[in-house]
Protein chains: 4
Amino acid sequence: LTSPHTAEARVLVINTGGTIGMTLHDNVLAPKANAFVKNLRKLPILHDEIYAQKTCLYHYYGENSLVLPNKDSKRIVYTIMEYSPLLDSSNMTTDDWGRFGKDIEKNYESYDGFVILHGTDTMAYTASALSFMCEHLGKPIILTGSQVPIYEIRNDGMDNLLGALLIAGQFVIPEVGLYFHHTLYRGNRVTKVDNSSFNAFSSPNLAPLATAEVDILINWDTVWRANTTAKFRVSTELNRNVGLLRLFPGITAATVRAFLQPPMQGVVLETYGSGNAPDNRKDLLEELKKATNSGVIIINCTQCLRGTVSSVYATGKVLIDAGLIAGGDMTPEAALSKLSYVLAMKDLDLEAKKRMMSQNLRGEMRADFGVAKLCLSDS
Amino acid sequence: LTSPHTAEARVLVINTGGTIGMTLHDNVLAPKANAFVKNLRKLPILHDEIYAQKTCLYHYYGENSLVLPNKDSKRIVYTIMEYSPLLDSSNMTTDDWGRFGKDIEKNYESYDGFVILHGTDTMAYTASALSFMCEHLGKPIILTGSQVPIYEIRNDGMDNLLGALLIAGQFVIPEVGLYFHHTLYRGNRVTKVDNSSFNAFSSPNLAPLATAEVDILINWDTVWRANTTAKFRVSTELNRNVGLLRLFPGITAATVRAFLQPPMQGVVLETYGSGNAPDNRKDLLEELKKATNSGVIIINCTQCLRGTVSSVYATGKVLIDAGLIAGGDMTPEAALSKLSYVLAMKDLDLEAKKRMMSQNLRGEMRADFGVAKLCLSDS
Amino acid sequence: LTSPHTAEARVLVINTGGTIGMTLHDNVLAPKANAFVKNLRKLPILHDEIYAQKTCLYHYYGENSLVLPNKDSKRIVYTIMEYSPLLDSSNMTTDDWGRFGKDIEKNYESYDGFVILHGTDTMAYTASALSFMCEHLGKPIILTGSQVPIYEIRNDGMDNLLGALLIAGQFVIPEVGLYFHHTLYRGNRVTKVDNSSFNAFSSPNLAPLATAEVDILINWDTVWRANTTAKFRVSTELNRNVGLLRLFPGITAATVRAFLQPPMQGVVLETYGSGNAPDNRKDLLEELKKATNSGVIIINCTQCLRGTVSSVYATGKVLIDAGLIAGGDMTPEAALSKLSYVLAMKDLDLEAKKRMMSQNLRGEMRADFGVAKLCLSDS
Amino acid sequence: LTSPHTAEARVLVINTGGTIGMTLHDNVLAPKANAFVKNLRKLPILHDEIYAQKTCLYHYYGENSLVLPNKDSKRIVYTIMEYSPLLDSSNMTTDDWGRFGKDIEKNYESYDGFVILHGTDTMAYTASALSFMCEHLGKPIILTGSQVPIYEIRNDGMDNLLGALLIAGQFVIPEVGLYFHHTLYRGNRVTKVDNSSFNAFSSPNLAPLATAEVDILINWDTVWRANTTAKFRVSTELNRNVGLLRLFPGITAATVRAFLQPPMQGVVLETYGSGNAPDNRKDLLEELKKATNSGVIIINCTQCLRGTVSSVYATGKVLIDAGLIAGGDMTPEAALSKLSYVLAMKDLDLEAKKRMMSQNLRGEMRADFGVAKLCLSDS
């Protein structure tokens, strides 16, 4: 006897928490344990109970499984793994990133794709971190969530979950992506830009990987192509002694010194414009130099939403002299999680780690930014 | 004998420095003292030498004066006051803001409008600061600059300077504005979002005050209307013990504590989404509470480009309990300079200062954000 | 005994046809009679069966009624009136517009608002026509539809219907609107601009009336305010002898003459740029003049998506001399249906009709375009 | 003795007329013969007189030559060929397109690139026509113009001319392009969308070829690559019996019949949405069928700014049955001028011409639109 399920695509949905699964109690939105699967089952757009019964779905895949009503193509069966307790994304740390990675590694062979439900607040950080942690990835891992809970009458959760499932189940996009508002972005390229629109994320320096409006259109020219057949593995070792400091007028050397104190080992410095910092502030530059001399890796990223920090411009020269590494067009979110990943590598010395930080690893930066032709910069 | 200049508009241009006036030496862009006026005089779009000679312009207004070739309306005569040395905007501090304010105050009665040439890197900070410092303003003060020097063949400096002069000389917009790429923004609403496009600034939560394309269109519904006849004054006292701290996953209590050390008196905390911070981090919340208890004012602004932090939502409640003030839809730039301004007020006690921080002073925030109707937030 | 339904809002949904209710048969999308209500009832986001049973909804409102699951505010009960046969919007004519108007008039007192389901192809024409036909309107009439049928797994129909119902039932917006992709537009300001994106409509010269993302935000400054207490009436008399002609290089006098033949009485001429036509083509201008002399009203609208045709510019002067009326910033869709409405007025002579065409009747044009200050135009 | 000009790039500027060179007389903008070169010479950004004198520029290249002040790269010397009389773009016909083509052919070998100054009103039509007429093109031909004359104080003409010259002189882009507002578009992809913004053109279905902001960035992936070494030639034979008809609700069979009368040989029918027309109007479809049967080629293009008309959808089937050819994602401007070009081919029979119309010739349509996968369409 063969299973009726041989022609299906399987997606694992890891529900870590976030607005998408929240309900309103006493005017406060809060996550509710074990409610998500039950509630999804009532939404005919996200679950086809007749098919499930007919094919003994629960028998084969377990109680937490559902199946999309997509009749015109390979059915997408998805199984919800819910974290307990559910997590608020503003509480997440490197430990949580490690846990997500382990859960994907454990289930990698059993599924065609992965969807991670996550609060929007730090989704860009987690997506970036997973993109580095997942080495030789060959299947889609798509983070999504929503601005309004899926149980609300008017919500973006249903569209977001549905789109993420359809892409994760139907396309071999070997990337960590973030799907929101009909758009699939590369996970390490996004940043949250709006807290009141459904169009909450932006990928300022890279076009989307896919759009899902009347048709699902994959931008295959942009999708990362694996150039190795090495086995998938997740590097769940992460260095937690990393931080992000944004320059502002009048920042004191004392503040910078305090921020760079041990145990800090890696810092993203969000500078002005194309990578500028005060060049008349010897005290401040001295603190940066002391830190880099003592082995702290400092990445120079811009505060601007769009733009690049290049190593070839004259501006920002004082920061290169102070030992900083140009961050190219990386988002601060990508730079921070990349530091976490690279600093945890046990077999590399400091110079090798610095080199790695300035190289493109997962499409998180344009590869050639360092050798851009001379052009005019602003200050 | 009457002057031939009675029907002219007069604009004072304060050239503080920045890319707009830079020249290339040995592949490095640098400001060049006393070159700006001389160079402008060669650009027929920015100066009408025949008119100047005919009307003895230099005799009446001094050597550093120029006149636009706008023949169809009131001539705009402008006088350049150049700082020596010219300033790099990434070096600016509260001291510089104070100096700009004093120079405007000193010349207020003699001119119809003011244009401040400034590097783009911290232009949004300076524009915000001046908007608070200038009390009972009745004339336009417009900051501008450029991404490419005005002497380069293809540049945005000429358009930016010209547009700023035409608006400052022709319209009574009693605001501190920022003019860039055919658009006039309220100065305390902008942020620099792009380091490679001419369209470098964004006003994420407020529509522009004016656009200057085929026609100059003023959006009078948005322009601030003075509701007082009090005399103009500039408050050049500014508190420099203010800072800006951006949350990131894994931020430690030690980092927060170090940042909040005396002499720090006011901090903009850039939180997640609609004003969220880790609520499971007692150590971190404790540091914030200790600081607010000891008199540090902490403003809760969002990291998102667009959006509001409201005091009525349940999320962010832990931060209200920790004594933080909701920043509404203020930019971090506006919040930081407002702190600088408010904390310097000698006649106000701490409570009055806190109240002031949560009120709209110069159109820098939507007035009613605190009483917004209940709506769903994200995390 | 009182009804349990006293606190509800009632919306009449007129299902005229269109993609939103289509189903796929043999790879062809087609409307299916009497299927819509039945299918909606299975979607828990659009119908609360438990509430319906508990309150004897069908008893009170009839079998074709449904109720939204909006628990936090006044329940919205809506009743579907389905046309038989269902109409393809590309087949619609003035007769259909008249029928819609009559159905609204007949049911005006019984409902708080109206939603018209309609194919997207000519939705902008119908919305414009209804805006003129509905005189002294005091309740919302909202057209909507979708790019993908509501029964498809990934569709925009559910969001569009839901948003239209919530706005029609909760807000007193006395306008004919068009709701699409989270946005409410004034109906006589829109045009269809995209056939593959969910964001299919644009209102090029007027900001939206409302957006419905995380919150529903009404832009009350833009919403039309009734300045009369006259009784609502629908003028269903429409003149069908109207047409739309777009200029193109090399258009012949013969083509223009043929187009302007009787019984043609009103024409929208889509000209270049700010209202330009060949001024060296006497034959062509002669045909236009002959037509206007014989009583045809010709409105000059621009081919440009955004922009205005003003009567005060020198360009386009040959067209004013030929008797054309400047269309201001009206869309061609609005101008055509306005002609249909105005030409049908029995008590007005030609001059009065021409005057009416150049005046703002329902917010379809900026009122003051005719007296705009001199500005530069393009050719 | 060698010329000092061996290292220069040469650009021929054909000034056909348009706003860019107009001046204001009695409040009316009008072109002024022989004024352009003289006026450009006074603008130091567009001409370096010192270099001209030093290198005897006028001696070598003639009186109507100028040279850009671009000191950092190969000098761009440009020569103005001015039409007499200057043309208003709304008057242009196929005869003018032919003349432009001949002038380019005649001068093709002597220049590195070509810039055509042209009114904005029909610039998209001319750019499209030239793209077809120029066979085996190996050099850039760039149309530009402006919304405001180059002599006005605030104008877009200077930026547009400068950008077009720099691209035409420095890059081997073998395409007919249209440069406006810092952007180079493929000429047969654009349409004029705004009559009051400097950003007047849109390329709705294809990304720009280049942007020129802080840097000039060429999008080489999109630039057309010649796949032949055949000799450049211009096909100046054009068929003038072509027209453009836009559907509207209530269009009569009489109107359609009149429009399709001989001598009409090719028509662009602007249909609704994804290529729809009334399918219940036998009379109207009959007229279309009669025309195609008698040898008129009718192309089905959408009225929507963005979108595609495909031959594989069921909608629009009645039009395929009536003999229409699906226009894919061509603009109406491109389709009209392509008809003009194809219908003039003497060696092709009707079937070959029809095939040519449905094929991609110059990047004017996505090559594979006819075989797009099944997807949902709207009506």
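Because only heavy atoms are used, hydrogens play no part in the values below, and waters and symmetry mates are left out as well, while side chains stay in.
- When every heavy atom of D:P278 is checked against every heavy atom of C:N91, the shortest pair comes out as CA-OD1, 2.9 Å.
- Contacts between C:T94 and chain D at a heavy-atom distance below 4.5 Å are absent for every atom of the residue.
- Note: D:R306 CZ to C:S196 OG = 8.0 Å, rounded to the nearest 0.5 Å.
- Between C:P249 and D:L336, some side-chain heavy-atom pair lies under the 4.5 Å cut-off.
- Of the two parts of C:F248, the backbone and the side chain both hold a non-hydrogen atom closer than 4.5 Å to a non-hydrogen atom of chain D.
- With hydrogens and angles ignored, the 3.5 Å screen pairs a side-chain donor or acceptor of C:N195 with a backbone N or O of D:T308.
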Run the numbers on C:Q261 and D:T255 for side chain to side chain contact (heavy atoms under 4.5 Å, CB included), then give the verdict.
CA-CA 9 Å; C:Q261 283 311 299; D:T255 291; over 6 Å; no
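- Neither the backbone nor the side chain of C:I251 comes within less than 4.5 Å of any heavy atom of chain D.
- Of all heavy-atom pairs spanning D:A258 and C:A258, the tightest one is CB-CB, 3.4 Å.
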Dump the intermediate steps for side chain to side chain contact (heavy atoms under 4.5 Å, CB included) on C:Q303 and D:D121, then the final yes or no.
CA-CA 9 Å; C:Q303 293 184 13; D:D121 275 350; over 6 Å; no
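- At a cut-off of 3.5 Å, with distance as the only test, no side-chain donor of D:N280 or C:D88 sits close to an acceptor on the other residue.
- Between the OG atom of D:S90 and the CZ atom of C:R281 there is a distance of 11.0 Å, given to the nearest 0.5 Å.
- Heavy atoms closer than 4.5 Å to chain D are found nowhere in C:M123, neither backbone nor side chain.
- Interface check for chain C: of the options D:L244, D:D95, D:T93, D:T126, the most heavy-atom pairs under 4.5 Å are formed by D:L244.
- Neither the backbone nor the side chain of C:V268 comes within less than 4.5 Å of any heavy atom of chain D.
- Taking every heavy atom of both residues into account, C:G273 and D:K192 meet most closely at CA-NZ, 3.4 Å.
- When heavy atoms are compared at a cutoff of 4.5 Å, C:L247 approaches chain D solely by way of its backbone atoms N, CA, C and O.
- Counting heavy-atom pairs under 4.5 Å between each of C:M264, C:E333, C:E270 and chain D puts C:E270 at the top.
- Annotation: the span from D:F259 atom CZ to C:T252 atom OG1 amounts to 8.0 Å, rounded to 0.5 Å.
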Would D:L305 and C:D194 satisfy side chain to side chain contact (heavy atoms under 4.5 Å, CB included), going step by step from the backbone distance to the final call?
CA-CA 6 Å; D:L305 178 65; C:D194 202 317; over 6 Å; no
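- For CZ of D:R240, the number of neighbouring non-hydrogen atoms (other residues, nucleotides, ligands) closer than 6.0 Å is 12 at most.
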